[in-house]
Amino acid sequence: MPFITFEGLDGAGKSTQIARLAQRLTAQGLHVVCTREPGGTDIGDRLRELLLDPAQTRLAPRTEALLYAASRAQLVAEVIRPALAEGAVVLCDRYVDASLAYQGAGLGLGVEAVAAVNRFATDGLTPDLTFLFDVPVAVSRDRISRDMDKRGPDRIERRSDEYFQRVRTAFLRIAETEPDRVVRLEASRPPEVLEQEIWAHVQNWLSKHDRGAMRE
Ligand code: TYD
């Protein structure tokens, strides 16, 4: 069954769509495992606290990239690989592409360097399908600042518009480079429209791969 990831700037509406897709897949009788990054395991949740804590002002860029990769390594070993082995569909809110964009491009560490670290962390596990929720930086900023009435910005959200522009550009470049894996969604459209589009892609994937597998 497929390993599906969801990427994009904060506030692009990923979590709503992950929940809706999970519902649809479950209704088809499929076993679905939903998880998120950073976090998704005890160890990952501890790393998440460190990574998002605004009080951590001295985290060096390479340390940041390694901690995201460490959280991911744990998630792959403890949750994602076992779930795939049991035949579940795995839906993951962010994965390696987030590190390529936020750390590789955003922090200037280099996309290829961060990719190399992540090949090691994931032991080469690549998603079958990735939905890139694309919104302009201004829209993302607007949506997260509404959330921030409840809480202050986290360590990553405090970064500049220029930083997020680099992140968005990097995501778009990944989508262009890997059109078979990455589907770019215009995420400013209504949730119902996005839901239909995502469902069509997932069904297409399932009919291409799964029926083939069942016939064998
Ligand atoms: P997320 O869980 O989407 O944030 P929230 O709970 O606020 O919706 O992700 C946390 C932040 O971490 C987000 O700003 C993106 C960032 N991030 C990276 O910089 N690199 C990564 O590899 C990942 C997975 C996330």
Side-chain angles (χ1 to χ4, degrees), residues 3-19 34-41 43-57 59-76 78-80 90-122 125-127 130-135 137 139-171 174 182 187:
F3 170 33
I4 306 176
T5 61
F6 300 79
E7 300 281 6
L9 295 176
D10 291 283
K14 289 179 282 117
S15 32
T16 308
Q17 296 300 331
I18 293 172
C34 287
T35 187
R36 70 157 183 188
E37 283 203 8
T41 63
I43 289 168
D45 284 336
R46 291 224 211 159
L47 293 172
R48 179 186 176 87
E49 270 172 40
L50 261 175
L51 282 163
L52 300 185
D53 181 0
Q56 297 295 338
T57 52
L59 211 54
R62 283 165 196 267
T63 314
E64 179 177 311
L66 288 166
L67 291 180
Y68 276 110
S71 168
R72 184 164 299 130
Q74 190 64 29
L75 187 68
V76 167
E78 196 178 315
V79 177
I80 302 178
V90 177
L91 308 183
C92 191
D93 189 345
R94 302 188 182 280
Y95 191 63
V96 173
D97 297 321
S99 282
L100 304 183
Y102 282 80
Q103 282 69 48
L107 294 180
L109 289 171
V111 170
E112 193 34 58
V114 175
V117 166
N118 277 277
R119 277 193 288 275
F120 174 75
T122 62
L125 181 68
T126 307
T130 297
F131 292 103
L132 170 59
F133 286 63
D134 185 42
V135 287
V137 171
V139 171
S140 162
R141 295 303 248 176
D142 230 48
R143 291 196 189 163
I144 49 179
S145 65
R146 265 183 268 149
D147 278 6
M148 278 177 207
D149 297 342
K150 289 165 250 155
R151 56 166 182 95
D154 66 34
R155 204 177 57 84
I156 306 284
E157 286 164 348
R158 286 168 181 240
R159 291 180 176 161
S160 66
D161 282 1
E162 292 70 42
Y163 172 83
F164 290 107
Q165 196 54 61
R166 289 196 294 279
V167 173
R168 182 184 184 208
T169 305
F171 274 135
I174 294 169
V182 185

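Being a predicted model, the structure only gives us computed values, none of them experimental. If you read the sequence from its start, that first residue is 1, and numbering goes on from there. All values below come from the heavy atoms of this structure, side chains included, with hydrogens, waters and symmetry mates left out. Note that ligands are numbered from 1 as they come in the structure, with each ligand's atoms numbered from 1 the same way.
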Out of all atoms in ligand 1, which are within 4.0 Å of some heavy atom of Lys14? Include the element for each.
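Answer, ordered by atom number: 3 (O).
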With heavy atoms of Ser99 as the reference, note each atom of ligand 1 found under 4.0 Å away.
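Here the atoms of ligand 1 in question are 21 (C), 22 (O).
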If I take atom CG from residue Leu75 and atom CD1 from residue Ile80, how far apart are they, to the nearest 0.5 angstrom?
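These two atoms lie 4.0 Å from each other.
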Heavy atoms only, cut-off 4.0 Å: how does [X] contact ligand 1, side chain, backbone, both, or neither?
X	result
Asp10	side chain
Leu52	side chain
Arg48	side chain
Arg94	side chain

Do Asp154 and Arg48 meet the salt-bridge criterion of a basic N to acidic O distance under 4.0 Å?
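Result for this pair is no, no salt bridge flagged.
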Please determine if Arg155 and Glu64 form a salt bridge, counting it only when a charged side-chain N lies under 4.0 Å from a carboxylate O.
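Looking at Arg155 and Glu64, the cut-off is met.
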Arg159 NZ/CZ over Phe164 ring centroid, <6.0 Å and within 45° of normal
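Arg159 over Phe164 ring: no.
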I'd like to check whether Tyr95 has a polar contact with ligand 1, where a contact means an N/O of the residue lying under 3.5 Å from an N/O of the ligand.
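No, since none of the N or O atoms of Tyr95 sits under 3.5 Å from an N or O of ligand 1.
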With a 6.0 Å cut-off on the ring centroids, do Tyr95 and Phe6 count as close?
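Here the rings of Phe6 and Tyr95 have centres that are no less than 6.0 Å from each other.
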Selected option - heavy-atom contact closest to atom 12 (O) of ligand 1, from Tyr68, Tyr102, Phe164:
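Considering heavy atoms of Tyr68, Tyr102, Phe164, the nearest to atom 12 (O) of ligand 1 sits in Tyr68.
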Does the residue Arg72 have a heavy-atom contact with ligand 1, meaning some pair of atoms that are separated by less than 4.0 Å?
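Under 4.0 Å: yes for Arg72.
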Closest protein heavy atom to atom 7 (O) of ligand 1, given as residue, atom name and distance to 0.1 Å:
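Scanning the protein heavy atoms, the shortest distance from atom 7 (O) of ligand 1 goes to Glu157 OE2, 3.7 Å.
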What is the closest protein heavy atom to atom 20 (N) of ligand 1, and at what distance does it sit?
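Going by distance alone, atom 20 (N) of ligand 1 is nearest to Gln103 OE1, 2.8 Å.
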